[in-house]
Trainee: 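If you scroll down you'll find the structure; I have some questions about it.
When reading the values below, keep in mind they use all heavy atoms of this one structure, side chains included, and skip hydrogens, waters and symmetry mates. Below, chain A is the first sequence line, B the second, and so on; all start at residue 1.
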Amino acid sequence: MLNLSGLNSSQRDAVETLSGPLLVLAGAGTGKTRVITYRMANLIARGIQPDRILSVTFTNKAAREMRERAATLIGGRMKRRPVVSTFHAWCVRVLREDIDSLGYPRQFAIYDRGDQESAARTALRDIRLGDAAMKPGDLISRISTWKMQGVSSTAAGEHSESDFDFLASMGYRRYQKQLRASGAVDFDDLLLLTVQLFREHPDVLRKYQARYDHVQIDEYQDTNGVQFNLIEYLVRAHNNLCVVGDDDQSIYGWRGAEVEHIINFASHFPGTRTVRLENNYRCTRAILDCANRLVRHNRNRHDKTLIAHKPAVSGVRIQVFKDEESEARRVVEEISYLISELGVKAKQVAILFRTNEQPRVFEQELRRQKVPYQLVGGQSFFDRREIRDLMAYLKTIDNHRDEVSLLRIINTPPRGIGATSTEKVLQNAVKKGVGFWEMVDELNRLREIPVRTVQAMLDFRNLIERYRSAAQTAPDQLPEIARRLMLDVGYESEIARQYKDEAQREARQNLLEEFISTIALYVEKAPAPTLSGFLESMALQDRDEESEQDEESDRVRLMTLHSAKGLEFPRVYLVGMEEGLLPHKRSIDLDSEKAIAEERRLAYVGITRAMDHLTLTRSASRMKWGKRRDSIPSRFLFEMQEEPGLELPEEHIDNDDDDGFFSGPTPPGATDHKLPGFPAASEPNEFDQPPF
DNA sequence: AAGGAGGGTTTTTTT
DNA sequence: AACCCTCCTT
C-alpha cells in the first residue's frame, strides 16, 4: 500500500478518489503535481495495470519527471509502464499506428512553425494573393484557430463570415493540399486528425477506448476544444477521468485554450467529485497576498482563498531603473553578490520576462559578470538560420516528398541552381500535379532548363540519395553522417566565407558543433535511433537537455512567464513591469477585458513562482525598433496594492551613470521600495540592508 | 546565377 | 537595430 502520510487531508482526498470524474482545483503552490503523481502511483498500488492508465502532461519535460517520480514511489516493481505523455506526443503514437485509415502515409513528417510559414507563403502565392492582402503569419494563425475548433478546410469555406475569412479559407485549402502532397502534417493536425480518426473510424476508436481504464489530465485549464473532444472520446465508456488545474493560471487562451472547460467540468461530467487544494506551501505570505490582491481584479473566476503556510516575511520589492541596460546590469550585479557573498545557489534564482526579446540584455550582463545561466525554452537555437538549414537537409533526406525543406536548401550554399529554374520546375510540377524531381527529368528531356543547371540539380539529387541510404543503413552513425554532410555540401566553408568577423565565425561554428551534439545525445538516449525519430523528437520539443545544462545544473534560469508555469524558485526577478510589455501592447490594443485578464493571470503566474524573495523591476525607458521611448509602470503594480486607486510613490530612479539626465538625490544603490500595505519584515533579511 | 544596395517591416506568449 | 525581401548590376 502506498504511504500517503506526507499529504494533507484534501490532497489525500484527491489521491484516494480513484473512480468516476474528479476535478481537482489546485491553486498555485498547493502541490498539484504531487497529487497527480501520487494518484497515479495509488492506482497502480491498488492493482490497476500501469499501462492501462493514461496521464497527460503539458510538456514532455513534465512527463519525464512524472514517470521518474512515480517509479520511485512504486519502487520499480512494475513490469509494464504507465503511459505518461503530452497530447501531441500521444497523438503521434496513435497516428503512426492508424493514420493510413485517413489516407496519409504512416511515415508522415511533422511541420514546424518555419515549415508552416513556407507552406503558407506558397499557398498564398498559388491563390494569387500578394503579401499585401494577407501575410503568411496571419494565414497560419487563422488556420490554427480553425483547427483548434475542429473546423476543416471545407467547412471553413462554407461558413466564412468576412472577406478575410473567405480568403483565408481558400488559403487553408491550398495549404492543406500542399501538406498532404508533402506527406506532412502540422502541429494542430496531430490533434485534429486524431479526433477525425476517432470520429470516422469507430473500430479504431474502440481500440483506444479499450486500452485505458483511467485518464488523468494535468493543466486542464489550458485544454482547447479539440483536446476536450479527444478526452471525451477516450473516457466515454467509464468516465474515470481526473483533471487537475487552476483557472487563475490559464495563460494559453491565444492558443485556443478555453477556461470554460475547467469551469464547466462538473456539468460536462455528471457525478463529478470536486476537491479544492487551497494550502499554499510555496510562497511567503507577503508574496501570496500580493498575488491574491492582483488576481482579485479578474472577474469570472472560481473565487478561492489560498492559505499561506509560510510567515509574512517581506520578500517583495519594486525597483525602477533608467533604461533596460541598467535594469539588467543592476539585477545581475545583485545576483552576483548573492551568489558570491551570501552563498545563494545560482539555480535558486530565476529571471522572468514577458517577451523573448527581453533576455538579450540580461544574457550580455550575465556573460560579462561571469554568472552561469541557462536560457530556458526560447527556441532561439533552432531558430538560427544555420540550424534551420541543417534541419532542412535532414528533413529532405528523410522524406523525399518534403518540398518545403527541399526548396530551402536546394541552393544553400549556392551551387548553381538559380531561382528562375527552380521556379520553372515548381510551376510545371504544380500544374501537372507531379513531384519536383519528376518535373526536373521531364524538363530536362524537353531541354527547357540550361544544361549546367540540370546537372547541378541531378548532382544534388544524387547527394541526397547517398545520404538517405547512409542514414538508413547506419542510423547509429547519425552524428558522423551529419558532420560529413556539412563538409560535403561546403556548409562550413560557406560560413567562413560569409562571416569576416572572427568572433561571429566562431559563434556559428560552435552552433554547428552544438547541433551535432544534439544528434549525438539523441542517438545515445533513444532505444532504436532513426533519422525520422530524431526529427520527430525535435518537432515535439522532446529533446533531452544537455546533461550539464539540465534540471540540476547550478545556473540562473532565464525564461518567459509562459515557460515558468509549473516551476518554483526561492528568488524571482520579474522584470519589465511596464505597460506595453506586461500587459503586452497587443492585448492592450485589443481593448478587451478578456485579453487584459489573461495578462493579469500571466503576472499572477510570475509572482507565484517565487518562494521567498520577489523583485519586480521596471525601466523608465526602453529601446523599441531602434528608438528610445519612455515607458510607464504596469497597471498591475498599482493593482497589487492594498488600497485600490492608491498612487505608487514616486520611485527613485537608478542612475549611477554620469549623464545627469535623471538629476536629483540618488541613493547610493538599488532602491528598495516596499509596497504600501506590505507588512514590515518580521525577520532579519538581507534585503533590509541593500548590498550596495 | 551571384552578390550587394536599398527599402520596408518587425516583437507576444509555444505544444 | 536587425532581419528579410526585392531589385539592380555584374
Trainee: Which nucleotide wins on minimum distance to the side chain of A:Tyr252, given the candidates B:dT14, C:dC5, B:dT15?
Mentor: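 Within the option list, the nearest is B:dT14.
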Trainee: Could you tell me whether the phosphate oxygens of B:dT13, OP1 or OP2, come under 4.0 Å of any side-chain nitrogen or oxygen in A:Ser563?
Mentor: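 No, A:Ser563 has no side-chain N/O under 4.0 Å of OP1/OP2 on B:dT13.
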Trainee: Just N and O in the side chain of A:Thr59: are any of them under 4.0 Å from OP1 or OP2 of B:dT14?
Mentor: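 Result: no.
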Trainee: Flag the pair A:Tyr252 / A:His562 as yes when their ring centroid distance falls below 6.0 Å, and as no otherwise.
Mentor: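 Close enough - the centres of the two rings lie under 6.0 Å apart.
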Trainee: For DNA chain B, whose closest nucleotide is more 5', that of A:Gly416 or that of A:Leu590?
Mentor: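 First, find each residue's nearest nucleotide; the 5'-ward one identifies A:Gly416.
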Trainee: Whole Å only: how far is the CZ atom of A:Arg64 from the P atom of B:dT15?
Mentor: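 So the CZ-P distance, A:Arg64 to B:dT15, works out to 12 Å.
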Trainee: Of the nucleotides B:dT14, B:dA1, B:dA2, which has the atom closest to the A:Ser421 side chain?
Mentor: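 Selected nucleotide (nearest to the side chain): B:dA1.
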Trainee: Counting only side-chain nitrogens and oxygens, does A:Asn356 get under 4.0 Å of the OP1 or OP2 atom of B:dT11?
Mentor: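 For A:Asn356, the contact criterion (side-chain N or O under 4.0 Å from OP1 or OP2 of B:dT11) is not met.
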Trainee: Please list, chain by chain and in numerical order, all residues satisfying side-chain hydrogen bond (donor to acceptor under 3.5 Å, both in side chains) with A:Asn229, sequence neighbours excluded.
Mentor: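 Residues passing side-chain hydrogen bond (donor to acceptor under 3.5 Å, both in side chains) with A:Asn229: none at all.
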Trainee: Would you check if A:Phe58 stacks with the base of B:dT15, given a 5.5 Å centroid limit and a 30° plane limit, both strict?
Mentor: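 So no, this residue does not stack on that base, at least one cut-off failing.
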Trainee: Choosing from B:dT11, B:dT14, C:dC5, which nucleotide comes nearest the side chain of A:His562?
Mentor: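 Nearest nucleotide to the side chain: B:dT14.
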Trainee: Between A:Ser587 and A:Thr453, name the one whose nearest nucleotide on DNA chain B is closer to the 5' end.
Mentor: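 So the residue in question is A:Thr453.
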Trainee: Of the options A:Asp222, A:Asp218, A:Asp246, A:Asp248, which is the one that meets A:Lys565 in a salt bridge (Lys or Arg N to Asp or Glu O under 4.0 Å)?
Mentor: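 Passing option: A:Asp222.
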Trainee: Rounded to whole angstrom units, what separation is found between the CG atom of A:Leu190 and the P atom of B:dT15?
Mentor: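 So the CG-P distance, A:Leu190 to B:dT15, works out to 14 Å.
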Trainee: Taking CG from A:Leu191 and P from B:dT14, how many angstroms apart are they, rounded to a whole number?
Mentor: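 The answer, rounded to whole Å, is 18 Å.
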Trainee: Looking at A:Glu357 and B:dT11, is any side-chain donor or acceptor paired with a base atom of the opposite kind under 3.5 Å?
Mentor: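 Present.
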Trainee: Look at the side-chain N and O atoms of A:Arg452 and state whether any lies under 4.0 Å from the OP1 or OP2 oxygen of B:dA1.
Mentor: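 False: A:Arg452 side-chain N/O out of range (4.0 Å or more) of B:dA1 OP1/OP2.
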Trainee: Remember a base hit wins even if backbone is also touched, and classify A:Ala419 as base, sugar-phosphate or nothing at under 4.0 Å, heavy atoms.
Mentor: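 Sugar-phosphate contact only.
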Trainee: CH2 of A:Trp254 versus P of B:dT11: gap in Å, rounded?
Mentor: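 Taking CH2 of A:Trp254 and P of B:dT11, I get 14 Å after rounding.
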Trainee: Check each of A:Glu324, A:Glu325, A:Glu578 against A:Arg622 using the salt bridge (Lys or Arg N to Asp or Glu O under 4.0 Å) test, and report the only one that passes.
Mentor: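 One option only clears the test, and that one is A:Glu578.
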Trainee: Tell me whether the guanidinium CZ or amine NZ of A:Arg329 lies under 6.0 angstrom from the six-membered ring centre of A:Phe321 and within 45° of its axis.
Mentor: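 Output no; distance or angle outside limits.
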Trainee: Would you kindly give the CZ-to-P distance between A:Phe187 and B:dT15, to the nearest whole Å?
Mentor: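 After rounding, the gap between these two atoms is 8 Å.
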Trainee: Base, sugar-phosphate, or nothing: which does A:Asn411 touch, judged by heavy atoms less than 4.0 Å apart?
Mentor: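 Result for A:Asn411 = sugar-phosphate.
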Trainee: In whole Å, I'd like the distance from the CD atom of A:Glu325 to the P atom of C:dA1.
Mentor: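 To the nearest whole Å, that distance equals 12 Å.
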Trainee: At under 4.0 Å between heavy atoms, what does A:Arg415 touch on the DNA or RNA strands: base, sugar-phosphate, or nothing?
Mentor: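 Sugar-phosphate contact only.
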Trainee: Whole angstrom is fine here: how far is it from CZ in A:Arg629 over to P in B:dT11?
Mentor: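 That distance rounds to 17 Å.
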Trainee: So does A:Arg628 have more than 12 non-hydrogen atoms from other groups sitting under 6.0 Å from CZ?
Mentor: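 Above 12, so yes.
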Trainee: A:Asp186 has an atom CG; how far is it from atom P of B:dT14, in whole Å?
Mentor: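 Computing the A:Asp186:CG to B:dT14:P distance gives 18 Å.
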